[in-house]
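Below is one structure, written out as structure tokens; the observations come after it.
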Amino acid sequence: MDFNDTPQEAEYRAKARAWLEDNAAEYREPPETAWKLDEFIQRSKAWQAKKFAAGYTGITWPKAFGGQGLGPMQSIIYGQEESRFHAPSGLYSIGLGMCIPTVFTHGSAEIAERYVPKALVGDEVWCQLFSEPSAGSDLAGIRTRAVQDGDEWVIDGQKVWTSFAHASDYGIVVTRTDPSVPKHKGLTMFIVDMKAPGVEVRGIKQMSGGSDFNEVFFTGVRVKDTHRLGDVGNGWKVALTTLMHERLAVGGKPRHAPGYETLMKLARGVEAPVGGPAIEAGDVRQRIAQSYINDQGIKLTQMRALSALSRGQMPGPEQSISKVVVAKTMQEMASFALDLAGGDGFVTGADGDPELAKLQGSYLGAAGLRIAGGTDEILRNIIAERVLGLPGDLRPDKDKPFNAAA
Amino acid sequence: MNFDFSDDAKALGEQAKKLFADKAGTAPARKAMASGAPDFDAGLWAEIANLGWTAARVPEAHGGLGMSAEESCQLAEAAGAALAVVPLVSTLLATEALLIAGTEAQQAKYFPGIADGSLIAVPAWNEPGAVTPATVATTASGHTLTGSKAPVPDLPGAHLAIVAAAGPDGPSLWIVDLNDALVEPVETLDLVRRHGRLTLANTPAEPLGDPAAYQAWLDRAAVILAYEAIGTASAAMDMTVEYAKTRIAFGQTIGRYQGVKHKCADMFIKIELARAHALHGVAMIGSDGAELRQAAAAARVASLDALSFTAEETVQLHGGIGFTWESDCQFYYRRARALTASLAARGWWADRLVRALELRNRAAA
Ligand SMILES: Cc1cc2nc3c(=O)[nH]c(=O)nc-3n(C[C@H](O)[C@H](O)[C@H](O)COP(=O)(O)OP(=O)(O)OC[C@H]3O[C@@H](n4cnc5c(N)ncnc54)[C@H](O)[C@@H]3O)c2cc1C
């Protein structure tokens, strides 16, 4: 048993590391103040283009679309190396992680040729238009409609929580094309131009203060039939491709999330409620141990999955445990750390402590992390049903025509 | 990267699971519970010895198979899952002690018997009134020990005890021939596994390594015991999941209810996290990595957390039947206590983990 790369993996890692040393030097440290949107987009595009030129984008994608045609291990190795820096790559995570694999799996050859290379270079940004005000966890409950008109479709409806819609050029959108059949059956997916007439993006301010997600309104938006992904009425299956990629893309620990080290450092510096350095208090040590169990446990679980991957096996839905544990652990650790810091843990702005500000950011961000990409509850269902084989939830609307269901 | 058991170790684990599925499990456990006899399943023990499991870690030079710690862990997991009424895990732990701390002469003297199953050696760690390895009341004076050890798993029927006792430099391990000592059965919450009390009164003993070796043994023992706990927890989870698929309430199987489903998912999550830490522990034994202390402590804490949660919710999810004498739930519920008491309290290990992390931080700074 070893934690080492195979010789080929080691060679790939060494090359990637050397390239990053030369090209990502300016991102060694996080920015002092968060980038404004324009600067973030401009930096993201420049960084993506640089990666593309060096062959570090679309690592597992077919060569025909400008990918590298390599295995998942190479992609993960590059990701591990890049995560040692603070380069801006989040803008593309949804497009490259989820949308584009759906496009080249279900779109025509012409469509793939048109869109995949531009997404890879970073010229075009993509978003995922799935959730609606009344269809989140219950994604198949969407109401946004598409009606065929000659060789075009007309889309009307509303999406919500669409990350980076305000910065996107294109999106993949799930629509209802036949409300007279059960809800999973009458769906169809399209590629939509976010700059097309009738698309309106309204920013939503998040609880955490940022505005990364949006409402998106469609009013008579016209999409060519060539931009359909998969067959009419087969949108649920297409969406599952996206969701499968989402399961692989989410789940890791966010780069700025505190680890048990953060908790230890803080506990060394503050006093325990009963006196003495907090780190010497029994309950504090228990919490640190628990954080380590979760935090390091997920890292090690991922290494087990990687070992399977490196033998050519697919990691299973077991990976769903990662997001449940990461998001909740991040929330618990941040909240405990802020507790330890007493009143200081809750002062923000110019009077606040920059180290504690990071924890405050994690505390707020964790609340969203527990929801985005599948809630804790939905992921537990997935573990129970797909891993442990327990029966699915009762779904009273499952076989009823969508427009007849309550 | 190959963060996984070797194929050989996995094959041995499969073999063990198969044999235990035939010969151990809750039916023999129930028989053992009913009989109340203070001894273990001698027939199964002979079979195990024949298959070479007792010889797994014993060096080839001393009649063993010279396998790695991975094999011990696979065996411990299978034994834990089967609630097997044999002193296999105790033997594996005693073997580690002799491997770490035994002199050439001690190894030559004891290993051949351990390897062929004729010499049963068990660690005796617990003491009445003590919950941490730092507060050992049994004392060494010259080459004799005085004190009392209880409850000691698998003690009745054993020949040799590996005893923790305090000397001038701190606690360390000693070998006691049980012919020289008083052994009595002790009743415990675990009605299946046999436990005993060892009374030492100026009893002859051989030193087995120094205090540092004792600490090193605690780490290895924690990893092996983590696998035993993971095995027990997984078996309880499997039984619960099966029950949830068949028991009907309000017109549907209870496994459809999320209150039930999510508890099962949480069992899985806790067990998988424990597995990851335990595997890290085995890897560190294998490579003699400096991270062994932290990995072992984490494996211990994570596995006990997984086990107690699973054992408790196993009874709960079986409902009224789960609380009956007739149900198998009690075996896991009771065993959870036994395994928690088998090697220092959870809190002590959590503290040891943080201590190891502090040391590493200091080294890195
Ligand atoms: C930061 C962030 C970014 C996002 N980005 C995108 C994006 O880019 N594109 C996109 O399409 N969507 C995006 N989403 C939406 C996200 O996918 C949904 O918010 C999520 O799936 C939950 O849906 P909901 O908000 O409608 O909550 P609901 O589904 O209404 O859930 C409400 C509560 O009910 C629980 N619940 C619902 N169903 C069940 C069930 N069967 N069993 C048990 N409990 C249940 C949930 O767990 C939750 O606690 C984003 C969300 C966030 C927070």
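Convention: sequence-line order gives letters A, B, ...; per-chain numbering from 1. Remember, predicted model here, so these are calculated numbers, not experimental data.
- For the set A:G282, A:A10, A:A308, A:G392, the count of heavy-atom pairs under 4.5 angstrom toward chain B peaks at A:G392.
- Applying the 6.0 Å contact sphere to NZ of A:K398 captures no more than 12 heavy atoms from other residues, nucleotides or ligands.
- Considering every non-hydrogen atom in both B:F3 and A:L300, the closest pair reads CE2-O, 3.4 Å.
- Crowding of A:K328 atom NZ: a count of heavy atoms from other residues, nucleotides or ligands under 6.0 Å exceeding 12.
- Interface check for chain A: of the options B:M267, B:Q294, B:H277, B:K245, the most heavy-atom pairs under 4.5 Å are formed by B:H277.
- With a 4.5 Å cut-off on non-hydrogen atoms, B:R346 touches chain A through its side chain but not through its backbone.
- Atom OH of B:Y333 is surrounded by 12 or fewer heavy atoms from other residues, nucleotides or ligands within 6.0 Å.
- Using a 4.5 Å cut-off between heavy atoms, A:N294 contacts chain B through both its backbone and its side chain.
- Sparse packing is recorded around CZ of A:R386, with 12 or fewer heavy atoms of other residues, nucleotides or ligands lying under 6.0 Å away.
- Between chain B and the residues A:M73, A:Q296, A:E261, the most heavy-atom pairs under 4.5 angstrom are made by A:Q296.
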- Message: As a quick check of understanding, evaluate side chain to side chain contact (heavy atoms under 4.5 Å, CB included) for A:R268 and B:N361, giving each step before the final call.
- Response: CA-CA 12 Å; A:R268 269 197 298 276; B:N361 275 351; 3.9 Å; yes
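- The minimum heavy-atom distance between B:A302 and A:I293, with the atom names listed, is CB-CG2, 3.6 Å.
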Notebook entry, point to check: What do the steps show when you test A:D393 against B:Q258 for side chain to side chain donor-acceptor pair (under 3.5 Å), and what is the final call?
Noted result: CA-CA 8 Å; A:D393 279 11; B:Q258 287 189 348; 2.7 Å; yes
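- Going from atom OG1 of A:T329 over to atom CG of B:L273 covers 8.0 Å, rounded to the nearest 0.5 Å.
- Only the side chain of B:D305 comes within contact range of chain A, with at least one heavy atom under 4.5 Å from a heavy atom of that chain.
- Looking at B:L279, the atoms closer than 4.5 Å to chain A (heavy atoms on both sides) sit in the backbone and in the side chain alike.
- Nearest approach of A:Y292 to B:A298, heavy atoms of both residues: CE2-CB, 3.5 Å.
- Considering every non-hydrogen atom in both B:E272 and A:T301, the closest pair reads O-OG1, 4.2 Å.
- The backbone N or O of B:A265 sits nowhere less than 3.5 Å from a side-chain atom of A:R380 that would complete a donor-acceptor pair.
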Original post:
Can you list the steps and then say if B:N2 with A:R311 is a side chain to side chain contact (heavy atoms under 4.5 Å, CB included)?
Top reply: CA-CA 9 Å; B:N2 181 26; A:R311 282 194 299 266; 3.4 Å; yes
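- Note on A:I321, A:N381, A:I383, A:I288: by heavy-atom pairs under 4.5 Å with chain B, the leading option is A:N381.
- Of the possible donor and acceptor atoms, one in the side chain of B:H262 sits under 3.5 Å from a partner among the backbone N and O of A:E377.
- The residue among B:D4, B:I269, B:V301 with the most heavy atom pairs within less than 4.5 Å of chain A is B:D4.
- Between A:R285 and B:E358 there is a salt bridge, since a side-chain N of the basic residue sits under 4.0 Å from a carboxylate O of the acidic one.
- Across all non-hydrogen atoms, the minimal contact from A:A384 to B:K261 is CB-CG, 3.3 Å.
- Atom CD of B:Q252 is surrounded by more than 12 heavy atoms from other residues, nucleotides or ligands within 6.0 Å.
- Interface check for chain B: of the options A:L388, A:L394, A:I279, the most heavy-atom pairs under 4.5 Å are formed by A:L388.
- Between A:A289 and B:A350, the shortest heavy-atom distance links the atoms CB-CB, 3.8 Å.
- Side-chain contact between A:M303 and B:H280 is absent, with no heavy atoms from C-beta onward closer than 4.5 Å.
- For chain B, the nearby part of A:M264 is the side chain; its heavy atoms alone come within less than 4.5 Å.
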